[in-house]
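Everything numeric in this text was worked out from a predicted model, so none of it was measured.
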Amino acid sequence: LNTHPCKFCSLCCSDMVLQDRRPALVACAGGAVVAAAFYLTQNFRRRRNRRKLLGTVVGDAFRADKQVDLDDAISSPPARKLARKPTMFTATPTFDFKAFLSQERAVDDKALVQHKVFSWLNWAPEVASPCYEALHRYFPGALPGNAVHTRLRSVLEGPAYEFTPENTLFGSSICPDEINNEKGDLADVLKEHWGECFPLGGISGAPFVGATGFGAFSHHVPDDGNILILYGPHVAISESGEVGQYLRLGQSRHSTACGAVIGAYKACLDSKEEDLEFDEFDMQMAWIKAQIAPHVEIIKKQDNPMVALAYQAAEMVKNKFNNICSTNFGSGKLAIVGGIQINMPHPLDDHFLPMVFEIRSQGCATKNLLNELHETLPEAALRIGDVAANDEHLDEHLDEHHDEHPAAPSHSQNKKPQSKFDFSKGYQAVLSSPQQFHVYSWLSWAPRFNSPCFHALHRSFPGALPGQAVHARIQAALEDNFGFTPDNTLFGVSICPDEINNQKGSLADLLKEFWGEIFPLGGISGAPFVGKTGFKAFSHHVPDDGNVLVLFGPHVAISDSGEVGKYLRPGQQNESTACGAVIGAYHAAINALGKEDKDEYDDADMQMAWIKAQLAPHAATIGEQQIPMGALAHQAYEMVKAKIDKIVNNDFGGGYLALVGGIQINLPAPCLDHFLPLTFEVRRRGEASRCLLQSFKLNA
């Protein structure tokens with residue numbers, strides 16, 4: 001045996017006494033047991049109570065301070081008495097899953113828009129499909145892993161708890177089945193954000209490291225730091241809606257998931273004594289069987305036993321976790337997230353049913369935060385009074401900031417928006433049906449509904465979507481309808497090189513992570529200054545018979561107070577302009593109005609000279625708008641698109657050219673940058689161009 005010396009004395013395993021190669025139980029001279037052998041001779045039948053019996057033997061050896069032969073111990077009267085009372089494990093209480101389902105379904109039934117959004121994002125099954133019906137009938141309240149992750153971040157990183165990746169230790173107690181640890185699964189995205197994971201669990205997801213393992217793990221926490229734990233069993237749902245069945249990669253037939261829990265249940269159903277006996281070479285499975293056995297009769301009588309089994313397994317894992325965890329690691333907080341991991345058919349995101357979300361800390365009452373993982377959408381339309389009040393407030397705000405951006409000289413004091421820049425219909429459509437945007441806000445992707453930033457965003461850019469949503473819809477449209485894949489697609493961007501457009505999680509970054517490395521086509525303002533020559537060089541890098549995907553457009557910022565064109569950059573105290581090049585060119589054009597002297601072409605500033613020339617004819621009209629910076633962003637888009645149309649072609653082969661154009665909108669943290677799609681078309685040589693803008697419309 002390879003083991004440590006006992007911490008109470010200096011004896012080590014070399015002092016063990018072996019008789020006829022049969023391992024023996026040895027007590028050291030100091031009174032501490034340094035080794036215990038569980039391996040018995042072949043002629044001794046394994047008994048279910050061996051663990052408790054061995055504990056008695058160990059106690060006898062400890063008190064007598066002597067070596068004990070197992071055969072003698074087992075044949076003793078106390079041992080024979082114990083054999084008649086098999087009490088190896090403490091059983092888990094029965095979970096009342098029917099009461100749970102009744103309560104959760106009442107809430108889940110009101111979340112239809114949320115379900116549609118998640119399906120539209122390619123995270124969840126299509127509404128009314130067999131898989132969807134099974135998911136929401138049996139696991140109401142289940143969320144895609146990405147949604148759980150974003151909500152956890154929103155709560156834990158907020159001012160109330162101040163968790164950060166630097167001060168937080170992450171551990172998980174989930175089944176080691178590889179389908180629980182694939183890229184994009186909840187455990188994976190949590191690890192990517194919070195840092196490396198300490199695995200506490202074994203098969204079924206139960207934390208078999210025990211109190212000792214949890215103690216070791218928790219003492220790795222940073223000084224005064226926090227712990228985040230994810231735990232729970234898993235269960236699969238097939239495409240046809242069968243609970244407990246999963247089609248694994250490379251296999252032609254479905255298999256069970258969780259195999260350990262379902263296997264334990266079936267063993268208990270068979271009631272074969274040898275299947276239920278304790279086996280030291282399969283200790284985890286023996287424990288699972290002991291937990292499931294008392295509930296088999298109830299489970300098998302249910303309409304869907306696999307559902308009842310999953311909930312009982314969740315109670316089993318929860319009970320064991322509560323028995324091993326503690327807050328004896330310092331002054332920090334212990335965040336516990338427990339539930340059921342639900343493996344969904346490819347390409348959907350695995351889901352997670354949150355059943356526990358708590359914050360514990362030493363000497364403080366436990367805080368139940370489970371409601372933070374359950375969204376309750378408001379009524380379909382806002383109260384008219386609320387909208388009117390916010391509109392009035394926003395108008396005052398706009399008038400306050402209008403003078404910061406000089407307008408063209410005008411003989412009229414009445415600013416009447418030109419139809420080209422009138423987006424009132426789109427804005428009113430958002431206000432009259434806001435559920436989709438509530439979902440984005442709940443995910444911390446978008447500004448809080450009815451906030452100044454929300455109104456500014458949708459007043460100037462109705463139809464703008466979080467970058468994550470745009471990425472998902474582009475992927476679905478191109479993969480499903482045109483056969484685009486990362487292997488056959490070349491990706492290029494023509495966006496402003498401002499660093500805020502290329503941050504982690506931005507649309508360009510998300511597209512790069514999926515489609516592959518970027519060929520930058522653009523310069524300041526987002527215009528494709530590489531020209532025809534640059535595009536030709538880029539497009540001829542495409543794989544044989546492959547495709548080209550190009551993202552293009554200018555960018556504009558919106559501040560937390562709702563001012564269009566302003567952005568608070570990291571490390572700066574004051575807001576600055578975005579896009580600085582476009583706004584600078586506009587100001588130069590306004591200042592030049594009515595003057596005979598025009599700016600000369602500057603060979604040392606070619607891009608800016610071109611931008612000024614493009615915006616100058618429109619400066620007066622832009623300056624007359626209620627929100628000049630919003631109108632300017634739209635005019636900048638027209639400028640960039642016109643240049644794109646002049647340089648792109650389909651001369652690179654038989655593949656497709658996909659163009660995605662719009663306005664990138666930089667929003668204050670923690671919101672994701674948005675994108676207003678204005679072009680989404682696919683072209684191929686010899687074929688008519690196909691417009692795919694409807695791909696960005698959610699029919700909620």
Working to the nearest 0.5 Å, report the span between [atom1] of [X] and [atom2] of [Y].
X    : Y    : atom1 : atom2 : result
F100 : R105 : CZ    : CZ    : 10.5 Å
I288 : D282 : CD1   : CG    : 8.5 Å
R448 : C453 : CZ    : SG    : 10.0 Å
L169 : F217 : CG    : CZ    : 4.0 Å
I342 : I237 : CD1   : CD1   : 5.5 Å

*Does NE2 in H346 sit with more than 12 non-hydrogen atoms of other residues, nucleotides or ligands closer than 6.0 Å?*
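Open.
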*Is the number of heavy atoms from other residues, nucleotides or ligands under 6.0 Å of E239 CD greater than 12?*
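Not buried by this count: 12 neighbours or fewer within 6.0 Å.
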Can any side-chain N or O of [X] pair as donor or acceptor with the backbone N or O of [Y] at less than 3.5 Å?
X    : Y    : result
D350 : M344 : yes
E575 : Y567 : no
T168 : T164 : yes
Q312 : P93  : yes
T150 : N146 : yes
S173 : G205 : yes
N226 : G332 : no
S204 : A206 : yes
D673 : L667 : yes
H374 : E372 : no

Looking just at side-chain N and O atoms, do [X] and [Y] make a donor-acceptor pair shorter than 3.5 Å?
X    : Y    : result
N501 : N666 : yes
D224 : N167 : no
H193 : E157 : yes
S255 : R248 : yes
N180 : N343 : yes
T366 : E358 : no
N328 : Q362 : yes
T94  : H295 : yes

*Ring centroid separation for F170 and F198, is it under 6.0 angstrom?*
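Not close enough - the centres of the two rings lie 6.0 Å or further apart.
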*Strictly under 6.0 Å, is that where the ring centroids of H471 and F514 end up?*
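Under 6.0 Å, so yes.
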*Should the pair Y132 and H136 be assigned to parallel (<30°), tilted (30 to 60°) or perpendicular (>60°) ring geometry?*
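Correct class here is tilted.
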*What is the ring orientation for W287 with F208, classed by angle as parallel under 30°, tilted 30 to 60°, or perpendicular over 60°?*
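The rings of W287 and F208 stand perpendicular, inter-plane angle above 60°.
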Minimum heavy-atom separation for [X] to [Y], with atom names?
X    : Y    : result
W445 : A469 : CZ3-N, 4.4 Å
D188 : E182 : CB-O, 3.5 Å
S559 : P668 : C-CG, 4.1 Å
H149 : L186 : N-CD1, 4.1 Å
A335 : L156 : CB-CD2, 4.0 Å
L672 : Q468 : CD1-CG, 3.6 Å

*ring pair (Phe, Tyr, Trp, His ring centres under 6.0 Å) between Y311 and Y138: does it pass, once the steps are laid out?*
CA-CA 10 Å; Y311 281 101; Y138 297 126; 9.2 Å; no
*L135 versus H351: any side-chain heavy-atom pair under 4.5 Å?*
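Of all side-chain heavy-atom pairs linking H351 with L135, at least one is under 4.5 Å.
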*Is D498 salt-bridged to R569, cutoff N-O under 4.0 Å?*
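Looking at R569 together with D498, the answer is yes, because their closest N to O distance falls below 4.0 Å.
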*Let me see the working for Q291 and T92 under side chain to side chain donor-acceptor pair (under 3.5 Å), right down to the final yes or no.*
CA-CA 6 Å; Q291 304 307 306; T92 304; 2.6 Å; yes
